[in-house]
Structure formats: C-alpha cells, structure tokens
Amino acid sequence: MLETSQRLLALLALLQTRPAWTGTELAGRLDVSTRTIRNDIDRLRELGYPVDATRGPAGHYQLGAGAKLPPLLLDDEEAVAVAVGLRTGTGVVGLGESSARALTKLQQVLPHRLQRQVNAINSAMEKGPDNTRSNIDAPEIDPGVLATIAACIRDEHYLRFEYVVPDGVSMWKAGSSVTQELPILVEPYRLVSWHGYWHLVARDEQAEWRTYRVDWMSLRMATGRRYRPRPMVDDAYTDFVLRDVASAGWKVHARITVYAPAAEVVSRIHAAVGVVESVDENTSVLVTGADSLELIAVYIGMLGLDFRVDGPPGLIAHLEVVGNRYLRAIGVPKDR
C-alpha cells in the first residue's frame with residue numbers, strides 16, 4: 001500500500017485524467033478501501049484542491065476548478081514536450097519572461113535523466129524570427145526524436161537517418177537538401193524552429209552544410225561515434241536555415257546593396273523575404289528572391305532605403321521601366 005503522501009498524489013493524478021471517477025473505481029486503482037478514498041478526498045480539500053462529489057447510484061468524484069493549481073504529473077515525453085514549448089515560445093508578445101520562469105521551475109523538479117534531455121534541447125536549438133506566415137499545417141514532432149537529435153549534438157555523435165520528402169510538397173517547405181531514402185550520416189550541429197517547422201543544420205559526408213526537416217527524418221540506430229566539431233562561422237545557423245529553406249523555392253535570385261546598417265534592413269523586411277549580410281556600419285547586402293522580377297522590385301521598393309542593384313540584368317531592366325513609369329506619373333519624362 002502506498003504511503004499517505006504518495007497516495008494523495010496518485011489520487012490527484014487520477015482525478016486529472018478523466019472527468020469523473022466512482023469511489024469504487026478509485027479504491028480499485030489505488031488498492032485501498034472506499035472509506036480511505038473518502039478520507040483522502042477530505043485531505044485534498046483541506047490542501048485547497050476542490051473535489052466535487054455527487055451522491056446516489058450514479059455518484060462520482062471530479063476535480064473542480066479552484067484557486068490552486070494542482071501539481072502536474074507528467075510522463076517523460078510530456079515533460080520534454082512542455083519544456084520544448086516553453087523554450088520555443090508562442091509568438092505572443094510579452095510571454096517571453098513568463099515562459100522563461102516557468103521553464104526554470106520545471107527544470108528544478110525534473111529527474112536527472114529528463115534534465116539532461118531538456119538541457120540538451122535548450123543548448124542545441126534556436127528559434128527563427130516570428131512573422132505572420134501561417135503555421136497551421138505545421139507537423140507534430142515526437143519529443144523523443146528532438147531529444148535524440150539534441151543528445152547527438154550535445155555529445156558530438158554522428159547521426160544516421162533516412163530522409164524522404166513527401167510527393168507534392170513545395171520546395172519552400174523542403175529546403176535544398178537532397179531527398180534520399182538510404183541512410184544519411186551527418187554531423188549534427190543545431191536544431192532551428194521556424195514557422196512551426198523543425199530543421200536540423202548539419203554537415204554531410206562531403207562536408208557540405210545542409211538543412212533537413214525533422215518530420216521527414218526517420219532515425220536509425222545510434223552510431224555512438226564522435227566527430228570532430230567544425231562549427232559554422234559566427235554560429236549563423238538560423239540565418240543559414242532562413243536562406244536555405246526560403247531560397248530553395250525562389251525562381252529569381254538577387255543580391256541588393258543597401259545603404260543602411262544591417263539591423264535597420266532586418267527590421268524592415270519579412271523574415272521569408274531574404275537574409276541580410278552586414279558589410280560595414282552603414283552598408284549591408286540583402287540576399288533575396290521571389291517567383292518573379294516584379295516581386296523583387298516590390299520588396300526592395302518597400303524598404304524605404306537607398307540601394308544599388310548590380311544584377312541580374314532582367315531586374316535592372318525592369319527597375320528602369322518602373323522608374324520611368326513613376327517619373328512620368330509626376331510629369332518628369334525620362335524615356336530613352
């Protein structure tokens with residue numbers, strides 16, 4: 001028989017799992033008498049947990065709404081999932097500090113094995129910039145898969161997996177990594193969460209940097225083999241994911257010199273429009289692209305900053321046409 005404190009926690013956990021329990025059901029699950037259940041219900045009420053009771057043939061107990069939050073009794077996957085959710089945040093302004101406090105409290109009560117998993121994920125992951133792009137179709141990820149990948153990153157172990165991009169998936173979601181069903185062996189370096197999708201940044205066997213969608217990975221048996229870390233310069237893993245995933249779907253590419261600091265350019269663009277590279281304190285380069293030259297012209301026109309375009313030739317020609325059109329609109333003909 002469980003000790004009283006253990007039994008109370010077990011009883012509270014049962015009451016959280018479904019709306020109603022009969023006294024007989026609870027007694028059977030905890031291997032005690034129905035009288036003991038009644039006494040334990042009274043103890044929970046004294047501790048501030050409202051437990052409602054319905055008498056009669058259909059009598060039952062159910063946990064009511066109250067002023068105190070019952071302790072959450074989570075299994076391993078649930079604990080890791082909650083920690084990951086707190087780490088990645090919700091995208092709602094103002095919740096960052098609250099999420100950080102909640103994560104700290106959760107880590108303090110996790111058993112050592114789960115602390116290692118959560119700490120590995122925290123140190124191995126980054127979060128891409130928020131924007132308005134919908135992630136309603138973002139896939140559900142097994143926390144165990146994230147924990148396994150994060151552990152390989154932490155321990156500097158090679159990761160082996162199969163990788164298959166589903167038929168009909170747009171390249172924006174696929175990134176530039178090669179679809180391959182045979183086992184892939186990589187050096188894993190960082191997990192990046194962006195738009196609700198998880199991406200692994202890794203070096204392949206040809207020492208090339210790649211991104212892999214985690215939900216398209218099927219992990220194989222652990223290798224246990226260590227690699228010699230060769231991290232990305234300046235730890236620019238998130239920028240690499242943004243560039244790699246977004247650019248894979250562009251039909252037209254361009255590098256635009258912008259006469260403004262990189263931080264100012266970043267503050268003015270949509271996260272999926274491109275990646276900004278700093279040149280000096282007053283100059284930066286916007287690496288961008290789109291399905292057409294017209295869209296690129298719209299993007300850079302909306303920056304509200306001075307810029308120079310050196311190519312592609314089609315973009316230069318299009319900007320000349322648009323520029324002349326605007327000049328004619330204000331009565332300044334400049335046609336050649």
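Keep in mind that what you see is a predicted model, and the values were worked out from it rather than measured. Excluded from the calculations below are hydrogen atoms, water molecules and symmetry mates; all remaining heavy atoms, backbone and side chain alike, are included.
At a threshold of 4.5 Å between non-hydrogen side-chain atoms, the residues Asp204 and Tyr212 count as touching. Side-chain contact between Glu126 and Val201: absent, with no pair of heavy atoms (C-beta onward) separated by less than 4.5 Å. Using a 4.5 Å heavy-atom cutoff, the side chains of Leu15 and Ile41 are in contact. Using a 4.5 Å heavy-atom threshold, the side chains of Phe161 and Ser218 count as separate. Side-chain atoms of Met232 and Trp209, non-hydrogen and from C-beta on, do get closer than 4.5 Å to each other. Counting heavy atoms from C-beta outward, Val252 and Leu315 have side chains that stay 4.5 Å or more apart. Taking 4.5 Å as the limit, some side-chain heavy atom of Met217 sits within range of a side-chain heavy atom of Leu200.
Although no hydrogens or angles enter the test, the distance criterion places no donor-acceptor pair under 3.5 Å between the side chain of Arg29 and the main chain of Ala10. Side-chain atoms of Arg154 do not come within 3.5 Å of backbone N or O of Ala124 as any donor-acceptor pair. Formation of a donor-acceptor pair under 3.5 Å by the Glu25 side chain with backbone atoms of Thr22 is found in this model.
Qualifying side-chain hydrogen bond (donor to acceptor under 3.5 Å, both in side chains) partners for Ser278, counting only residues two or more places apart in sequence or in other chains: none. Residues passing the ring-ring contact (aromatic ring centres under 6.0 Å, His included) test with Tyr158 are Tyr227, sequence neighbours excluded.
The structure places CG of Leu26 at 5.0 Å from CD1 of Ile37, a figure rounded to the nearest 0.5 Å. In this structure, CD on Glu187 lies 10.0 Å from CD on Glu156, to the nearest 0.5 angstrom. Atoms CG and CD1, on Leu159 and Ile184 in that order, are 10.0 Å from each other to the nearest 0.5 Å. In this structure, Leu146 CG and Gln117 CD are separated by 10.5 Å, a value rounded to the nearest 0.5 Å.
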- Message: Using side-chain contact (heavy atoms from CB on, under 4.5 Å), reason through Leu12 and Leu63 one step at a time and then give a plain yes or no.
- Response: CA-CA 8 Å; Leu12 192 55; Leu63 191 62; 4.1 Å; yes

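Judged by distance alone, the side chains of Arg213 and Tyr163 never bring a donor and an acceptor atom under 3.5 Å apart.
In the hydrophobic clustering of this structure, Ile316 groups with Phe307; members are Ile, Leu, Val, Met, Phe, Trp, Tyr whose side-chain heavy atoms approach within less than 4.5 Å, directly or through other members.
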Indicate every side-chain donor-acceptor pair of residues 282-289 with a distance under 3.5 Å to a residue at least two apart or in another chain.
from   : atom 1 : to     : atom 2 : distance (Å)
Thr283 : OG1    : Asp280 : OD1    : 3.1
Ser284 : OG     : Ala260 : O      : 3.0
Thr288 : OG1    : Val273 : O      : 2.6

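Arg268 and Leu305 get closest at one heavy-atom pair: CD-CD1, 3.7 Å.
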